Amino acid sequence: MIKRRRVLSILAGASMLPLIGAKALASTAQWHGIALGAEAQIILEHENANVLIKQAIAEIKRLENIFSLYKTSSELSVLNRVGELTNPSFEMLELLSLCSQINLKTNGA
């Protein structure tokens, strides 16, 4: 099972992909905050560190709008409260599909 901290690590790692092939690391930027209800931080050394961190934060916020248990308007919270979603995101459909596959393979365990 993927834990919140693992998701945050993946997000932080993905935000660093532009570092591949970077020639000069000019600045370091940091962000500390809350993501999916847990303390999180990003420390990035790159010539465009501030821009990349802003992009990573935007992605974290986008995913929180889907998967957060702490935001009453997130897709997951709406699904838990109402029992259905009228326009689920691709990420939610992908997660529910994976859950269904696991349920079938484990006979509901």
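Just so it is clear, the model here is predicted, and its values are computed rather than measured. Keep in mind that the numbers below use all heavy atoms, side chains included, and drop hydrogens, waters and symmetry copies.
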- Task: Decide yes or no on side-chain contact (heavy atoms from CB on, under 4.5 Å) for I42 and I60, but give the supporting numbers first.
- Result: CA-CA 11 Å; I42 300 171; I60 289 168; 4.2 Å; yes
- Query: Which atoms form the tightest heavy-atom contact between S77 and K71, and what is the distance?
  - Reply: OG-O, 2.8 Å
- Task: Quick one: closest heavy-atom pair of A29 and A49, and the distance?
- Result: CB-CB, 3.6 Å
- Query: How long is the span from the CD1 atom in I102 to the OG atom in S97, to the nearest 0.5 Å?
  - Reply: 10.0 Å
- Can you get from L85 to V82 by hopping between Ile, Leu, Val, Met, Phe, Trp and Tyr side chains that sit under 4.5 Å apart? yes
- Query: From L52 CG over to E45 CD, what is the distance, rounded to the nearest 0.5 angstrom?
  - Reply: 12.5 Å
- Message: Testing the basics here: between V78 and T72, what is the closest heavy-atom pair and its distance to 0.1 Å?
- Response: CG2-O, 4.0 Å
- So how far is it from Q30 CD to Q41 CD, rounded to the nearest 0.5 Å? 7.0 Å
- I34-F67 co-clustered via ILVMFWY side chain contacts under 4.5 Å: no
- Message: Ignoring hydrogens, what is the shortest heavy-atom contact between S74 and E64? Give both atom names and the distance.
- Response: CB-O, 3.5 Å
- Task: Find out if a path of hydrophobic residues (ILVMFWY) with successive side-chain heavy-atom gaps under 4.5 Å connects L95 to L79.
- Result: yes
- Same cluster (ILVMFWY, side-chain, under 4.5 Å), L96 and I66: yes
- Task: List the steps, then state whether salt bridge (charged side-chain N to carboxylate O under 4.0 Å, His left out) holds for E59 with R62.
- Result: CA-CA 5 Å; E59 180 65 2; R62 186 184 76 78; 2.8 Å; yes
- Message: Distance check, rounded to the nearest 0.5 Å: I53 atom CD1 versus H46 atom NE2?
- Response: 11.5 Å
- Query: Linking I/L/V/M/F/W/Y whenever any side-chain heavy atoms sit under 4.5 Å apart, do M92 and L98 land together?
  - Reply: no
- Starting at CG of L69, measure out to CG of L76 and round the result to the nearest 0.5 Å. 5.0 Å
